[in-house]
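All remarks here apply to the structure that follows.
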Amino acid sequence: MSEMVKMNGLQAINAAMFEAMEADPKVLVLGEDIADREGGGVTGTMRGLSTKFGDHRVCTTPISEQAIIGAAIGVAINGYKPVAEIMLMNFTTVAMDMIFNHAAKLRFMSGGQTSVPLTIRTLTGAGWQTAGQHADHLEGWFAHAAGIKVVCPSNPADYKGLLLSCIQDPDPCLFVETGGTLFVPGEVAVDQGPIPLGKARIVQEGTDVTIISYSTMMLRCQAALAGLAEAGISAELIDLRTISPWDKQAVLDSAAKTGRVVIVHEAVRNFGPGAEIAATINEELYGQLKGPVRRLGGPYSPVPFSKPLEDAFLVTPEQIVEAVKGLMG
Amino acid sequence: MARASTAKPAKGAAKPTPAPASNRERPAEPVRYEASKDELMAFYREMLLIRRFEEKAGQLYGLGLIGGFCHLYIGQEAVAVGLQSALEVGKDSVITGYRDHGHMLAYGIAPKLIMAELTGREAGISRGKGGSMHMFSVEHKFYGGHGIVGAQVSLGTGLAFKHKYANDGGVAMAYFGDGASNQGQVYESFNMAELWKLPIIFVIENNQYAMGTSVNRSSAEDQLYKRGESFRIPGLQVDGMDVLAVRGAANTAVEWVRAGKGPILLELKTYRYRGHSMSDPAKYRSRDEVQAVRDKSDPIEHAKRDLEALGVTEADLKDLDKEIRKIVSEAADFAESSPEPGLAELYTDVLVDTY
């Protein structure tokens with residue numbers, strides 16, 4: 001087993017960027033405030049890159065999301081591997097046309113003549129009172145677009161390994177960083193390499209119920225495990241890691257084994273990724289389930305500013321325990 | 001840096017590009033406003049209210065009573081006060097980005113309602129649901145408070161469309177920053193506004209930094225008042241640290257726009273003393289740079305000198321400061337003691353009916 005080091009998600013992303021840029025001169029970076037003169041990104045994930053690799057390869061851009069993604073697509077279809085940062089996920093909506101109509105579709109519409117090896121990094125998550133235009137989980141929007149991969153890490157090792165994979169991937173990838181997971185330290189192998197996209201991770205094996213989650217809600221599911229064990233419930237916890245394409249096999253295998261499923265995400269529950277997963281489980285395992293697939297997610301509301309309202313917006317470990325208990329009957 | 005293009009036409013080129021038409025009507029050069037003592041006192045008072053309010057907001061943020069993002073207006077007070085003093089509250093509409101506290105105070109919106117929104121209370125102007133960046137007072141025709149860079153410019157164009165369509169005599173004022181001036185939708189709106197001769201004053205508050213990136217590192221044309229030229233929108237560059245120069249330019253702009261001549265673009269050269277938001281350590285500039293602006297160009301000190309020249313005494317100004325501090329302190333007390341919204345509020349105001 002290789003040597004482990006402790007780092008948080010920010011450091012893991014930074015390490016992945018250094019490695020990717022050292023390994024491949026075709027990797028370059030575009031984004032707002034990302035050069036060292038501007039602080040190396042708002043969370044510091046790009047710190048040191050411009051000093052080491054130069055401003056021509058690590059470009060601080062104007063606040064121009066459409067142009068950032070447009071330029072990144074242009075350079076990507078010309079043989080480079082851009083990593084474009086859209087500071088916050090809500091700002092991806094400003095560049096939605098570029099991401100949805102262009103990045104995701106150029107390969108298909110050119111009959112496979114080109115691909116778009118673009119990685120879009122972005123940050124989101126409620127919990128910091130950033131209110132209605134800075135905290136949404138929109139991964140479901142992008143998962144609905146054929147042609148772009150959507151990756152949602154929950155821990156430092158995954159941040160590093162999945163980002164390396166996104167950069168190497170020949171297709172566009174949206175890499176979703178979350179405030180709730182970025183600052184949490186974890187063990188990362190010194191030689192942590194790429195982690196395959198589309199593969200879930202079984203965090204804990206169990207036999208009574210399958211809990212499926214990703215991003216910040218993974219941490220809340222982990223926090224719920226003790227309460228479940230106390231209640232004598234053997235829970236299997238799956239970190240989806242990639243939302244599109246998602247690891248159908250791992251989910252169905254687990255659901256077939258336990259017969260009970262709870263899906264937890266921060267994205268608004270209505271029409272969220274959980275709906276797709278639940279529908280698939282119902283289609284594939286009809287008759288084998290011991291109860292309906294349950295979904296926990298954000299309420300039908302914009303993310304509110306007020307602290308008590310924001311707390312109420314987020315699913316809690318207690319609610320997860322309750323939902324599982326409800327399924328156990 | 002040379003600005004004029006000196007390129008010669010290539011040999012064999014059909015015709016050189018004609019020089020830009022110069023026969024278009026231009027607004028008159030603004031003149032510094034000659035305020036009466038009372039008027040200047042009122043401007044000073046409003047600027048001081050904004051300064052003290054923002055200082056208090058910064059303190060409450062430090063104490064953890066304000067959460068989320070909080071973008072302070074300190075240093076830019078002369079812009080909102082000078083410009084909005086030329087508007088009619090309730091007739092002319094105003095829209096801005098997320099650095100919105102000053103614009104609200106300059107439009108006469110109660111400090112305690114703003115402060116209570118900053119602390120996320122039920123009594124806040126957006127009932128605690130919007131916070132610092134998302135505040136509205138439709139009654140004043142103040143339409144926010146928006147968190148997406150540049151988006152308010154498009155919305156502002158719609159406000160102006162309404163003024164023209166309803167022929168209500170009002171004008172719209174849409175504020176945005178030097179950073180937002182690089183957003184594509186700003187130019188779509190410029191085109192539409194001039195095409196339809198909408199009564200809108202586009203205001204670029206050039207505080208020199210788009211978050212951490214300086215204008216020179218983000219803008220190919222850094223003389224931002226020229227950004228409307230391709231759309232035939234006249235632009236004026238204004239000293240945004242002198243409230244009377246700002247008011248003078250506002251008069252020119254309002255006159256132009258109310259006369260039905262279409263939009264006008266003002267670039268206000270200003271400076272923010274604090275970070276982009278409370279969470280910005282502002283390492284992209286030196287302390288000396290900030291201090292030099294404070295020492296040489298502070299808008300409040302500037303107005304104070306003008307007032308003293310008009311015979312206002314140090315004692316008068318001290319009394320005023322005391323009065324302002326009391327208003328701000330009462331707003332803070334209100335904001336701290338008001339109840340937080342009940343949890344059921346999460347599901348109200350999402351749609352008109354309850355879903």
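Letters go in sequence order (proteins before strands), and every chain restarts at 1.
Closest heavy-atom contact between B:Leu343 and A:Ala312: CD2-CB, 4.0 Å. Taking every heavy atom of both residues into account, A:Thr130 and B:Met133 meet most closely at O-CE, 3.4 Å. The two residues B:Lys129 and A:Ala131 have their closest heavy-atom pair at O-CB, 4.5 Å.
If you measure heavy-atom distances from B:Thr119 to chain A, the contacts under 4.5 Å come from the backbone alone. When heavy atoms are compared at a cutoff of 4.5 Å, A:Ala135 does not approach chain B at all.
Defined by atom type and a distance below 3.5 Å, a donor-acceptor pair is present between the side-chain atoms of B:Gln183 and A:Glu65.
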Walk me through whether B:Val149 and A:Phe91 qualify under side chain to side chain contact (heavy atoms under 4.5 Å, CB included). CA-CA 9 Å; B:Val149 172; A:Phe91 310 160; 5.8 Å; no
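Taking the six-membered ring for Trp and thresholds of 30 and 60 degrees, A:His134 and B:His134 have ring planes inclined between 30 and 60 degrees apart.
Side-chain contact between B:Leu346 and A:Pro304: present, with at least one pair of heavy atoms (C-beta onward) separated by less than 4.5 Å.
Of the possible polar contacts, none joining the A:Ser306 side chain to the B:Arg121 backbone as a donor-acceptor pair under 3.5 Å is found. A donor-acceptor pair is defined here as one N or O able to donate and one able to accept, closer than 3.5 Å; such a pair exists between the side chain of A:Ser64 and the backbone of B:Asn182. Listed for the A:Gln133 side chain is a donor-acceptor partner under 3.5 Å among the backbone atoms of B:Gly147.
Salt bridge A:Asp33/B:Arg217: absent, no basic N to carboxylate O contact under 4.0 Å.
Chosen from A:Glu32, A:Glu310, A:Lys307, A:Gln129, the residue pairing most often with chain B at heavy-atom distances under 4.5 Å is A:Gln129.
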